[in-house]
Colleague: 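Got a structure for you, written out below as structure tokens; questions coming shortly.
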Amino acid sequence: MSNGIYCGNPKGYDEGRKRGLEAGATDWRLLLQVDSDEQTGMMWGDMGRLYFMIHKDDLQYRRFDKVWQILQCG
């Protein structure tokens, strides 16, 4: 998404591969994952998950203002 690619379907991931964006994917770290839980009243879309991702350099220097939040639901 940060490269202007719509990732709401598989075509976006194919486009990212064509542009050579896969190489930088290993530079990202999962900082926090929050699952939907009906018992606690947390519901992200349709039983989705929130992912908080951070670039490894930003994590090293504690630049938490650079965190990306991703909602994935199905």
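On a predicted model such as this, the values are computed, not experimentally measured, just so you know.
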Colleague: Just by modelled atom types, is the Arg49 backbone N or O under 3.5 Å from a matching donor or acceptor in the Ser36 side chain?
Modeller: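 Looks like no, no N/O pair under 3.5 Å.
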Colleague: Flag yes if more than 12 heavy atoms outside Arg62 fall under 6.0 Å of its CZ atom; otherwise flag no.
Modeller: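 Atom CZ in Arg62 is not crowded, with 12 or fewer foreign heavy atoms closer than 6.0 Å.
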Colleague: Taking it one step at a time, do Asp14 and Arg17 satisfy salt bridge (charged side-chain N to carboxylate O under 4.0 Å, His left out)?
Modeller: CA-CA 5 Å; Asp14 293 339; Arg17 285 186 201 93; 3.0 Å; yes
Colleague: Take Ile70 and Phe52 through the side-chain contact (heavy atoms from CB on, under 4.5 Å) test and state the conclusion after the steps.
Modeller: CA-CA 6 Å; Ile70 302 159; Phe52 295 86; over 6 Å; no
Colleague: To the nearest 0.5 Å, how far apart are OH in Tyr51 and CD in Gln72?
Modeller: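 So the OH of Tyr51 and the CD of Gln72 are separated by 4.5 Å.
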Colleague: Quick one: NZ on Lys66 to CG on Asp58, what's the gap to the nearest 0.5 Å?
Modeller: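 Between atom NZ of Lys66 and atom CG of Asp58 there are 6.5 Å.
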Colleague: Calculate, to the nearest 0.5 Å, the distance between atoms CH2 and CG belonging to Trp44 and Leu50 respectively.
Modeller: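 Rounded to the nearest 0.5 Å, the CH2-CG separation comes to 5.0 Å.
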Colleague: At what distance, to the nearest 0.5 angstrom, does NZ of Lys56 lie from CD of Gln60?
Modeller: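 Answer rounded to 0.5 Å: 9.0 Å.
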Colleague: What distance separates Leu30 CG from Met53 CE, expressed to the nearest 0.5 Å?
Modeller: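 Between Leu30 CG and Met53 CE, I get 5.5 Å after rounding to 0.5 Å.
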Colleague: Can you check side chain to side chain donor-acceptor pair (under 3.5 Å) on Gln33 and Asp35, steps first, answer last?
Modeller: CA-CA 7 Å; Gln33 175 180 324; Asp35 292 355; 3.0 Å; yes
Colleague: Please round to the nearest 0.5 Å and tell me the distance separating atom CD1 of Ile54 and atom CG of Asp65.
Modeller: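 Rounded to the nearest 0.5 Å, the CD1-CG separation comes out at 8.5 Å.
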Colleague: Keeping the roles fixed (side chain from Arg29, backbone from Thr26), state whether a donor-acceptor pair exists under 3.5 Å.
Modeller: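 Judged by distance alone, yes, a pair lies under 3.5 Å.
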